[in-house]
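Only one structure is covered here, and it is reproduced in the block below.
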There are 4 protein chains.
Amino acid sequence: MATQEAIEKSEQKSKAGGIAQEQLRSLIERIERLEEEKAALAADIREIYAEAKGNGFDPKVMRQVVRLRKMDSAERQEQEAILDLYIHALGM
Amino acid sequence: MATQEAIEKSEQKSKAGGIAQEQLRSLIERIERLEEEKAALAADIREIYAEAKGNGFDPKVMRQVVRLRKMDSAERQEQEAILDLYIHALGM
Amino acid sequence: MATQEAIEKSEQKSKAGGIAQEQLRSLIERIERLEEEKAALAADIREIYAEAKGNGFDPKVMRQVVRLRKMDSAERQEQEAILDLYIHALGM
Amino acid sequence: MATQEAIEKSEQKSKAGGIAQEQLRSLIERIERLEEEKAALAADIREIYAEAKGNGFDPKVMRQVVRLRKMDSAERQEQEAILDLYIHALGM
DNA sequence: TCGCCTGATAGTTGCC
DNA sequence: GGCAACTATCAGGCGA
């Protein structure tokens with residue numbers, strides 16, 4: 001995909017090619033807006049872990065729990081199997 | 001944070017340690033809820049890039065633009081931070 | 001520690017205060033040189049993982065092995081114990 | 001990469017699968033060696049900051065300076081990258 | 001010395 | 001299916 005095409009496309013739409021510029025600006029701004037919201041949610045999540053830590057829970061293990069809950073058990077078992085294989089190969 | 005401590009802490013709060021269980025469950029669920037929302041936003045962002053591509057814009061260039069704008073503001077913040085440091089270092 | 005002090009210190013050493021500047025430049029350059037070397041080693045390590053992958057080994061598990069080998073077993077067992085506790089608390 | 005595949009691959013190479021074991025051991029040891037060197041460099045860097053502090057420089061300011069210089073060159077690279085993208089996007 | 005916070009590293013996901 | 005960008009995790013440095 002080339003800017004060239006973008007320019008042509010915009011020129012199909014207007015006399016000045018300024019339309020594409022406006023579209024681009026709008027798209028970029030929508031993206032940046034959504035990324036801000038995403039960052040805010042990430043901050044909220046961090047805050048919960050901090051709160052949990054303050055209540056005596058171990059955040060590191062909590063993260064592990066969240067990971068396990070969304071992980072397919074089949075793949076998890078396979079990973080463990082490979083790990084065992086390597087551990088034995090190294091005589092650990 | 002040790003398991004022992006976690007257990008003790010929960011036992012300070014209840015007769016059975018069931019309170020800590022409920023707290024933990026609640027925290028985990030709040031986190032999972034927020035992560036769902038975050039994933040939804042990420043999907044929205046992907047969608048915008050796809051839409052932009054459909055309108056003849058190059059997503060790769062757009063990502064670079066977004067990245068660059070983010071770096072600009074980050075660097076601005078760094079500049080201010082170092083200015084503050086100098087000001088303090090000079091005892092002003 | 002303040003720049004003020006640094007300036008005073010340098011003025012004890014010279015008439016111009018340019019000495020401190022030279023020292024600072026030298027220190028910064030030594031640091032940057034070492035960080036380059038560090039980055040080069042990191043690149044070498046990445047390369048070995050890539051090579052391993054090319055030979056049919058799973059890099060992710062290899063990293064896990066390296067981590068385990070440098071980890072104290074006591075702490076590892078404790079982490080596992082906490083994890084079990086949480087898993088049971090959540091009825092997983 | 002699956003365990004099965006790893007096993008098969010090793011068995012293609014030798015009669016006993018012992019070759020893969022030796023390969024794995026060798027790779028792990030090379031990695032551990034490089035990581036030691038990397039840790040040594042990190043220690044050297046820390047030492048320089050300590051030495052600098054002993055000479056009246058503020059390590060915090062120094063770290064900020066190093067960070068800023070790194071960001072400058074990173075941003076320069078990003079600028080060049082986007083310029084390349086534009087050039088290609090315009091079909092030049 | 002401990003807890004916090006930032007910077008470095010590893011893992012995941014999306015794109016080609 | 002491999003590669004690259006992005007995100008989340010972890011560890012080390014700093015301040016209280």
Side-chain angles (χ1 to χ4, degrees), chain A residues 1 31 34-35 38-39 41-51 53-54 56 58-67 70-72 75-76 79, chain B residues 1 31 34-35 38-39 41-50 52-53 58-68 70-71 74 77-78 81 85 88, chain C residues 1 31 35 38-39 41-43 45-46 49-50 53-54 58-67 70-72 75 79, chain D residues 1-2 5 31 34-35 38-39 41-50 52-53 58-64 66-68 70-71 74 77-78 81-82 85:
Chain A
M1 171 71 49
I31 288 164
L34 291 171
E35 293 208 330
K38 190 150 70 81
L41 284 172
D44 290 346
I45 292 169
R46 258 180 277 119
E47 202 176 342
I48 295 181
Y49 280 115
E51 174 190 337
K53 185 176 183 176
D58 184 334
K60 184 173 173 178
V61 179
M62 285 179 65
R63 286 176 192 276
Q64 201 172 347
V65 168
V66 171
R67 216 181 305 131
K70 85 173 142 195
M71 189 187 287
D72 179 60
E75 192 182 0
R76 185 159 90 243
Q79 290 280 320
Chain B
M1 172 70 49
I31 288 164
L34 291 171
E35 293 208 330
K38 190 150 71 77
L41 285 172
D44 291 346
I45 291 168
R46 253 180 282 123
E47 201 176 344
I48 295 181
Y49 279 115
K53 187 174 182 176
D58 184 338
K60 190 171 174 181
V61 174
M62 287 178 64
R63 285 178 191 276
Q64 194 94 5
V65 169
V66 170
R67 206 182 311 140
L68 203 49
K70 189 153 48 176
M71 282 187 69
Q77 287 176 4
E78 287 284 305
L85 278 177
H88 286 104
Chain C
M1 172 70 51
I31 289 164
E35 293 207 331
K38 190 151 72 81
L41 284 172
I45 291 169
R46 257 181 277 120
Y49 280 115
K53 185 176 183 177
D58 184 335
K60 182 173 171 179
V61 179
M62 285 179 65
R63 285 176 192 276
Q64 200 172 347
V65 168
V66 170
R67 216 181 305 131
K70 84 174 143 196
M71 188 187 288
D72 179 62
E75 192 181 0
Q79 291 280 319
Chain D
M1 171 70 47
E5 298 170 54
I31 289 164
L34 291 170
E35 293 209 330
K38 190 151 70 80
L41 284 172
D44 290 346
I45 292 168
R46 255 180 278 123
E47 200 176 345
I48 295 181
Y49 279 115
K53 186 174 184 177
D58 184 338
K60 188 172 175 179
V61 173
M62 288 177 64
R63 284 178 190 277
Q64 195 94 4
V66 171
R67 205 182 313 141
L68 204 48
K70 187 153 51 175
M71 283 186 69
Q77 287 175 6
E78 287 284 305
I82 205 168
L85 278 177

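Below, chain A is the first sequence line, B the second, and so on; all start at residue 1.
If you take CE of M62(D) and C1' of dT6(E), they are 18 Å apart, rounded to a whole angstrom. Atom P of nucleotide dG7(E) and atom CD of E78(B) are separated by 6 Å, given to the nearest angstrom. Atoms CD1 (I31(C)) and C1' (dG13(F)) sit 14 Å apart, rounded to a whole Å. Rounded to whole Å, the distance from CD on Q79(C) to P on dT9(F) is 14 Å. Per the geometry, CG belonging to D58(B) stands 13 Å off P belonging to dA5(F), to the nearest Å. In this structure, L68(D) places its CG atom 17 Å from P of dT6(E), rounding to the nearest Å.
The side-chain heavy atoms of L34(B) and I31(B), taken from C-beta on, include no pair separated by under 4.5 Å.
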Legend entry - side chain to side chain contact (heavy atoms under 4.5 Å, CB included) between D44(B) and L41(B), worked out: CA-CA 5 Å; D44(B) 291 346; L41(B) 285 172; 4.1 Å; yes
Pair up each side-chain donor or acceptor in residues 59-67 of chain B with any protein partner under 3.5 Å, not counting sequence neighbours, and list the distances.
{"from": "Q64(B)", "atom 1": "OE1", "to": "R67(B)", "atom 2": "NH1", "distance (Å)": "3.2"}
{"from": "R67(B)", "atom 1": "NH1", "to": "E78(D)", "atom 2": "OE1", "distance (Å)": "3.4"}

Legend entry - Per-nucleotide protein contact string for nucleotides 10-16 of chain E, where B marks a base within reach and S marks sugar-phosphate only (heavy atoms under 4.0 Å, - for neither): SSS-SSS
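At a threshold of 4.0 angstrom between heavy atoms, the contacts of K70(D) are confined to the sugar-phosphate backbone, with no base atom among them.
Residues meeting the side-chain hydrogen bond (donor to acceptor under 3.5 Å, both in side chains) test with E47(D), sequence neighbours left out: none. A search for side chain to side chain contact (heavy atoms under 4.5 Å, CB included) contacts involving A42(D) returns K38(C), R46(D), not counting sequence neighbours.
Within the structure, a side-chain polar atom (N or O) of K38(D) is placed less than 4.0 Å from OP1 or OP2 of dT9(E).
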